[in-house]
There are 2 protein chains.
Amino acid sequence: MQRMTRQRSAVTEALAGLEEFRSAQQIHELLREQGVGVGLATVYRTLQSLTEDGDVDVLRSADGEAVYRKCARSGHHHHLVCRRCGRTVEIEGPGVEEWADQVGSAHGFSAIEHTVELSGVCAPCRSAGA
Amino acid sequence: MQRMTRQRSAVTEALAGLEEFRSAQQIHELLREQGVGVGLATVYRTLQSLTEDGDVDVLRSADGEAVYRKCARSGHHHHLVCRRCGRTVEIEGPGVEEWADQVGSAHGFSAIEHTVELSGVCAPCRSAGA
DNA sequence: CACGGTTTGACAATCATTCTCAACATTGCT
DNA sequence: AGCAATGTTGAGAATGATTGTCAAACCGTG
């Protein structure tokens, strides 16, 4: 059973107000700044729970830290992240799923799962920067 | 300048004798079992160095631990890993690169990079058991 | 409002990875 | 081979994210 507590809604709202991926620590810090007292362990637990429910996406930054973001679309999808500013676009991989299954079974694998993440430099950052 | 030390070649050889992805800790343990004394920090440093040189692949397991494997092919490639036994097949993504670039530029992004990893259950594992 | 299972939070505990720095090994040079 | 210069090593400390602990606070229900 899932109870709606002050802390859980605080984390949910914090995510709702965020467009980009943030680490559990950053979210904890953010809540603290807003004067909302929530324990760090609770933030971790809540994010995990939300992830399991499919309400947030989780992926790993280059240094292995887990970063979270609310899901914009419900089904399976991938991300295109700007390496400069972190701007994120959720994308679909038409054909990627099929390709994954094909390649998998071609090698005798079943129950194929896949991870596809794209990164690049977005237009604003490109014109803005060095 | 890169010196060839007993430790560096030990790590390189250990990787050469391995087919699947292993964590730095596992490689360290493996070397220890073989009676080759190599410090853990050294294993980490060496793996990092080899990774930078493009001689080994690195990816993150589900729990965020970094795992390494020697590169079988030189160019860009992806992996299909068995979730049961760790057996790994290196694969090409015909069209994946193009798709990535297309999607990227469609959203105004440039300098697109991508991560594509597949996992599944290989035939031996599937027949072997529950 | 009382109750019982949930959830919380401060803090300890893990665990992978990196840092520190003195002792040591490798390479280039003679 | 002998030597100096400089990259490398390793034991252990340090860091940092994440998880575990467990008593106290809390939520939804009867």
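A quick note: this is a predicted structure, and the numbers were derived from the prediction, not measured.
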Closest to the side chain of A:Ala24, out of D:dT9, C:dA16, D:dT18, is D:dT18
Which nucleotide in the set D:dT18, D:dG10, C:dT17 lies at the smallest distance from any side-chain heavy atom of B:Ala66?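 Output: C:dT17.
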Quick tally for nucleotides 23-30 of chain D: nucleotides whose base has a protein heavy atom under 4.0 Å get B, sugar-phosphate-only ones S, the rest -, giving ---BBS--
- Going by the ring pair (Phe, Tyr, Trp, His ring centres under 6.0 Å) test, which pairs reach into residues 10-33 of chain B, not counting sequence neighbours?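 Passing the test, one end in residues 10-33 of chain B: B:Phe21-B:His79.
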Rounded to whole Å, please give me the gap between [atom1] in [X] and [atom2] in [N].
X	N	atom1	atom2	value
B:His28	D:dA11	NE2	C1'	11 Å
A:Glu65	D:dT19	CD	P	12 Å
B:Leu47	D:dG10	CG	C1'	16 Å
A:Gln26	D:dT18	CD	P	10 Å
A:Tyr68	D:dA17	OH	C1'	10 Å
B:Arg8	C:dT26	CZ	P	14 Å
A:Glu52	D:dT19	CD	P	11 Å
B:Gln25	C:dC15	CD	P	10 Å

Spacing of [X] atom [atom1] and [Y] atom [atom2] [to the nearest 0.5 Å]:
X	Y	atom1	atom2	answer
B:Asp55	B:Ser49	CG	OG	8.0 Å
A:Leu47	A:Arg8	CG	CZ	10.0 Å
B:Glu97	B:Glu113	CD	CD	12.0 Å
A:Gln26	A:Tyr68	CD	OH	12.0 Å
B:Arg60	A:Asp63	CZ	CG	7.0 Å

Worksheet item: Is B:Gln48 touching bases, backbone alone, or none of the nucleic acid, heavy atoms closer than 4.0 Å?
Response: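 Here B:Gln48 touches the backbone only, sparing every base.
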Self-check item: Taking every non-hydrogen atom, the tightest pair across B:Val11 and B:Leu50
Solution: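 In terms of heavy atoms, the two residues are closest at CG1-CD1, 4.2 Å.
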- Quick one: closest heavy-atom pair of B:Cys125 and B:Val121, and the distance?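 Taking B:Cys125 first and B:Val121 second, the nearest heavy atoms are CB-CG1, 3.9 Å.
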A:Asp57 side chain near A:Glu90 side chain, heavy-atom distance below 4.5 Å: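 Touching, per the 4.5 Å side-chain cut-off.
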Return no unless some side-chain N or O of A:Gln7 is found under 4.0 Å from OP1 or OP2 of C:dG9.
-> yes
### Message
For a quick test of reading the model: is some side-chain N or O of A:Tyr44 closer than 4.0 Å to OP1 or OP2 of D:dT18?
### Response
yes
Ignoring hydrogens and geometry beyond distance, is the side chain of A:Arg45 in donor-acceptor contact with the base of D:dG20 at under 3.5 Å?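 When only heavy-atom distances are counted, A:Arg45 does not reach the base of D:dG20 through any donor-acceptor pair under 3.5 Å.
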Between B:Gly64 and B:Gln2, the residue closer to the 5' end of DNA chain C by nearest nucleotide is B:Gly64
Under a 4.0 Å heavy-atom cutoff, the residues of residues 34-42 of chain B touching DNA chain C are B:Leu40, B:Ala41
Looking only at side-chain N and O atoms, does B:Thr115 offer a donor or acceptor that is under 3.5 Å from a partner on A:Glu117?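 Looking only at side-chain atoms, B:Thr115 and A:Glu117 do not form any donor-acceptor pair under 3.5 Å.
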